[in-house]
Amino acid sequence: MKHAVRLITVLCLCVLGSRQLNAQEQAAKDSVVFHLSDTLLLDEVTVTAPIPPMEQKGDTVVFNPNAFKVPEGAYLEALVRRIPGLSYDPKNHSLSFNGYPIREITVNGKEFFKGNNKIALENIPASFVSKLKVYDKETDKEKDTGIKDTEKNYVLDLQTKKKLNGTLTASAEAGYGNHKKKNASAQLFRFEEGGDNFSVIGRSGNQDFTTPDERNISHSIGASASRHLTKDVELWGGIGYNYNRNGATGSGYNENYLTGTTQYGINTNNSLSKDRNTSGNLRLRWNIDEKTSVNIGGNARFLPSTSRNDTHSSIFSVNPQVDVRNPFAQIEETDQRNRINDHLSQTEHKRNSWGYDINASFTRKLTPKGNNLSISYLANRNRMTDESFTLAEATYFRLKDIWGNDSVSRQHQFRKSPYDTRSHETELAYTQVFGENARLQFAYAFKYEQETSNQDTYDLSFLPETGQPAIGNLPQGYESGHIDSLSNRSESNTASHRFTLTYNYQGKVWSIQTRLSVIPQRRSLKQTDANTRIDTASTSIEWHPSLALTRQKDNWYAMLSYSGYTRQPSLASLLAPTQYVSPLLVTRSNPDLKPSYSHAVYFMINNFTKGINTSMAFNQEFNSVSQATSYDPQTGKRETFPVNINGNWSLMGNAGYNRSMGLFRLFANASSHFAHRISLIDDTGSSQMAQSATRALGLSSDIRLSYVPDWGNIDLNGRWDYQQSKNSLQGNNTYTRYYTMGITTNIQLPWNLTFDTDAAYNIRNGTGMGNDDNNEILWNIRLGWKFLKEKQGEISFYWADILSQKKSYYRYASATRFSETYSEQLRGYFMISFKYQFNKMN
């Protein structure tokens, strides 16, 4: 305070002296001498300013994590959820930026558990990160040849804090709660600023499972490393193992669109899955000299799994008006004349799959300006064996047997379906450099692919009822039930030549990446079953054009891109045998399918210094492979098969704005989606297919206002989501509205205490929803206390869904139906955890 007063006094005297000089300047040439009697020494000058949440450097967006407060001890996932433009779907572990998929998370520019973003998001502490960067990362091929691909390869790069570089950081955590909730984890990290890193991560627990099955569990362990062996040799590698057991109970309601009417279905489902995944990868880069580089890499995986489903479903000619959470509770009170069928089924799948990928490339610069020649090789194989058991019974209320009772159909089958694919590809490419900004490349590649698919089907219903084995077990002598008509051997061999011309221009403002690939190919198809033998061949030409045009100036970044590709129908779509999946569902293939062509246009304009981001995307497919359905209105039985059809397209748009105002942050976003989906259906028995078109519209907007003082943060947020679909056959118009209002607070309290809480009020209404049972208030709290030396220990108490109101509903509209599902949720649980952090400086 004393220094501040002195500094202000000096500044005032300087101003007065300056004014005195100006007044006497014309009157005399006397010198004005200004004396300071005391010498002022400043210990430290601190300049404070609002933290910019993001900035844009070319096509790279840099985020400052300090502008996005997260709870103490939170992981990267919590930070990503707060950053505008970034979105993460925990169900399928997909990460995207402004609609573009982020394929990889790197640390200090180097690989980190390549191909598994989930590990980084759920295990790297947010406190480790000093910067987040999203950019289009060059592949090794792009780096060596200088030719940029038109397809974006967005990565999320984490820059670790300098104090952590060279530090061995380890932590362990264990917790237990009611409903047998438990969690144990341990992490070991070592990061270097140059990119070398080493990590070992292990987890076991069921804290993240929301379904009430207390036997659900997840185990995982993995290691990842990145290392400069020498100045010119880099090595990356990783290995991991995962086990998941997930049991769930749910129910649903659906409307099936027919040409003359609409039929209504209800169902309940109990499922259990067990998955194991063992995988490893290794990659080496060697810069032999200034002109020559070599890249070698590969990965292998082994994935055994089992799953079981017990399903009960019924179809009605009139809406039964039941509660989707327990649809069969009042089934006897419905008008029996409106019932079409009732179906009970048990299915079990046992899958064993393994595969590998191998890649290698060699690049040599031919001239000082950068002309180069490269050769690459790719090989992969995937093999899977699927053993499935089906035990089903269907009752048809509108068909009578010879005794005048409701007709009943039963099915007990076992199917064994091995599937194998392998491919080899070699490419030779030459790149010509024109000046500093332009490059032209011509490439030729030869690829050979082989695909085999076999199926053997066995009827187990011939066994006497007293000798029926439990589902999933094969009885002695089951081979005698082999069904020749439902068994076959299929094989496909494809030889293709790919000619590619690529042009790149990279200027200070404009850049262009354009590419055209022409792929003539020959495909042979063979199939053998009990009645027929197919041996045929076909030739075709595939086209893959693409263009990306970008402009970067004055912090404005704009991009317009187009991509298209031809896709051949799969072997399963062409030659798969007929499958009687259940008494009510039959699937078959279609050997007359044609190739489809898809194209997409993407446009975006961003200026993150002004807080503006916008994007728009259009997708369309010609001759798209869609499902046609032959439907029996008397029994509810469906037979589906693939067909080529036109009319499938979608349009998406997104706009966002963010602004910092001192300690306040404002984030706003709006998005829309429209999809036009086509399918064919025949429910008259005339084999005349009617076209079913569904138009689905989605609108959403969300806003968040944050207050981020030194002691924590307070976030107020609101979201509105509207989904509407209309079908052309019946004119059914279904809509759903979601409203969310919430608050999130993270507070640093005295005595090393932290308090975190979040609450959200979710309102859900729309077609078929007329009460408040669909609404919910979700409230969670966490209280933590740090202790021990350097606060390395922490005890925390976490209480999830305090009011026990958590629900899970999901609605979806396709070209043939509208459906709503409900999943039973675990409500109201708590956990007490202990965590210890250990740091050892280099």
Side-chain angles (χ1 to χ4, degrees), residues 89 94 96 98-101 254-263 543 545 560-567 569-570 573 590 593-604 614-631 638 640-655 670-683 688-701 720-738 766-768 810-821:
D89 185 348
S94 63
S96 63
N98 285 338
Y100 256 102
N254 60 77
E255 300 176 1
N256 297 300
Y257 304 131
L258 306 178
T259 57
T261 184
T262 299
Q263 291 190 344
W543 300 84
L560 175 65
S561 68
Y562 171 85
S563 63
Y565 61 92
T566 306
R567 181 168 51 198
S570 66
S573 298
N590 181 1
L593 290 176
K594 300 176 183 179
S596 59
Y597 180 78
S598 301
H599 63 171
V601 179
Y602 182 80
F603 176 69
M604 66 180 290
T614 61
S615 63
M616 182 172 292
F618 174 77
N619 294 271
Q620 187 178 27
E621 188 170 17
F622 301 98
N623 278 338
S624 60
V625 177
S626 184
Q627 291 296 313
T629 303
S630 293
Y631 191 86
R638 292 178 293 134
T640 66
F641 54 94
V643 293
N644 290 116
I645 200 167
N646 291 313
N648 287 329
W649 58 273
S650 65
L651 180 66
M652 295 179 291
N654 185 81
S671 62
S672 62
H673 176 270
F674 182 83
H676 190 264
R677 307 185 184 99
I678 298 291
S679 185
L680 298 178
I681 189 167
D682 169 33
D683 59 353
Q688 294 295 320
M689 290 288 178
Q691 190 176 90
S692 174
T694 296
R695 293 174 290 277
L697 172 67
L699 301 172
S700 66
S701 63
W720 171 74
D721 194 294
Y722 176 80
Q723 303 292 330
Q724 183 258 347
S725 64
K726 187 174 183 179
N727 182 262
S728 62
L729 291 180
Q730 296 299 318
N732 294 36
N733 192 352
T734 304
Y735 71 93
T736 308
R737 288 188 294 255
Y738 301 90
T767 305
Y810 177 72
R811 284 188 161 194
Y812 175 73
S814 69
T816 58
R817 63 163 49 187
F818 164 80
S819 61
E820 179 178 16
T821 59

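The structure presented is a predicted model; accordingly, all values stated were derived computationally and were not measured.
Under the 4.5 Å side-chain criterion, counting only non-hydrogen atoms from C-beta, F641 is in contact with S630. Between Y597 and R567, every side-chain heavy-atom pair lies at or beyond the 4.5 Å cut-off. In this structure, I681 and L729 have side chains that are in contact, with non-hydrogen atoms separated by less than 4.5 Å. Considering only heavy atoms from C-beta on, S615 stays 4.5 Å or farther from F603 through its side chain.
For the residue pair Q724/N733, the side-chain donor-acceptor check at 3.5 Å is satisfied. For N256 and R817, the side-chain atoms include at least one donor-acceptor pair closer than 3.5 Å. Side chains of R811 and T736: a donor on one and an acceptor on the other come within 3.5 Å. Side-chain N/O atoms of S624 and S596 include no donor and acceptor closer than 3.5 Å.
Taken to the nearest 0.5 Å, the CZ atom of R737 stands 8.5 Å off from the CH2 atom of W720. Between atom CG of residue L697 and atom NZ of residue K726 there is a gap of 12.5 Å, rounded to the nearest 0.5 Å. Between the CE atom in M689 and the CD1 atom in I645 there is a gap of 10.0 Å [rounded to 0.5 Å]. Atoms CG and CG, from L680 and N644 in turn, are 10.5 Å apart once rounded to the nearest 0.5 Å. Summarising the geometry, atom NE2 belonging to H673 is positioned 12.5 Å from atom CG belonging to N654; distances are rounded to the nearest 0.5 Å. W649 contributes atom CH2, which lies 6.5 Å from atom CZ of F618 (distance to the nearest 0.5 angstrom).
In terms of the side-chain contact (heavy atoms from CB on, under 4.5 Å) criterion, residue partners of A600 (sequence neighbours excluded) are, by chain and number, S563, N619. With sequence neighbours excluded, the residues forming a side chain to side chain donor-acceptor pair (under 3.5 Å) with S598 are E621, listed by chain and number. Listed by chain and number, the residues in a side-chain contact (heavy atoms from CB on, under 4.5 Å) with P595 are T566, Q568 (sequence neighbours excluded).
A donor-acceptor pair under 3.5 Å is formed between the side chain of T694 and the backbone N or O of S814. Side chain of D721 to backbone of Y738: no donor-acceptor contact under 3.5 angstrom is found. Using modelled atom types, no side-chain atom of T767 and backbone atom of T734 make a donor-acceptor pair closer than 3.5 Å. N646 places a side-chain N or O within 3.5 Å of a backbone atom of N623 that can act as its donor or acceptor partner.
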| task | Show your working on ring-ring contact (aromatic ring centres under 6.0 Å, His included) between F622 and H599 and close with a plain yes or no. | result | CA-CA 9 Å; F622 301 98; H599 63 171; 5.4 Å; yes
| task | Carefully, step by step, assess R638 and T629 under the rule side chain to side chain donor-acceptor pair (under 3.5 Å). | result | CA-CA 6 Å; R638 292 178 293 134; T629 303; 5.6 Å; no
| task | Might you work through the side-chain contact (heavy atoms from CB on, under 4.5 Å) test for N727 and F818, ending with a clear yes or no? | result | CA-CA 9 Å; N727 182 262; F818 164 80; over 6 Å; no
| task | Begin with the C-alpha distance, continue with both residues' side-chain angles, and end with the deciding distance and a verdict on side chain to side chain donor-acceptor pair (under 3.5 Å) for S700 and S671. | result | CA-CA 5 Å; S700 66; S671 62; 2.6 Å; yes
| Test log, rule side chain to side chain donor-acceptor pair (under 3.5 Å), inputs S626 and N648 | CA-CA 9 Å; S626 184; N648 287 329; 4.8 Å; no
| said: With side-chain contact (heavy atoms from CB on, under 4.5 Å) as the criterion, how do V625 and N590 come out once you've worked through the C-alpha distance, each side chain's angles and the decisive distance to 0.1 Å? | reply: CA-CA 10 Å; V625 177; N590 181 1; over 6 Å; no
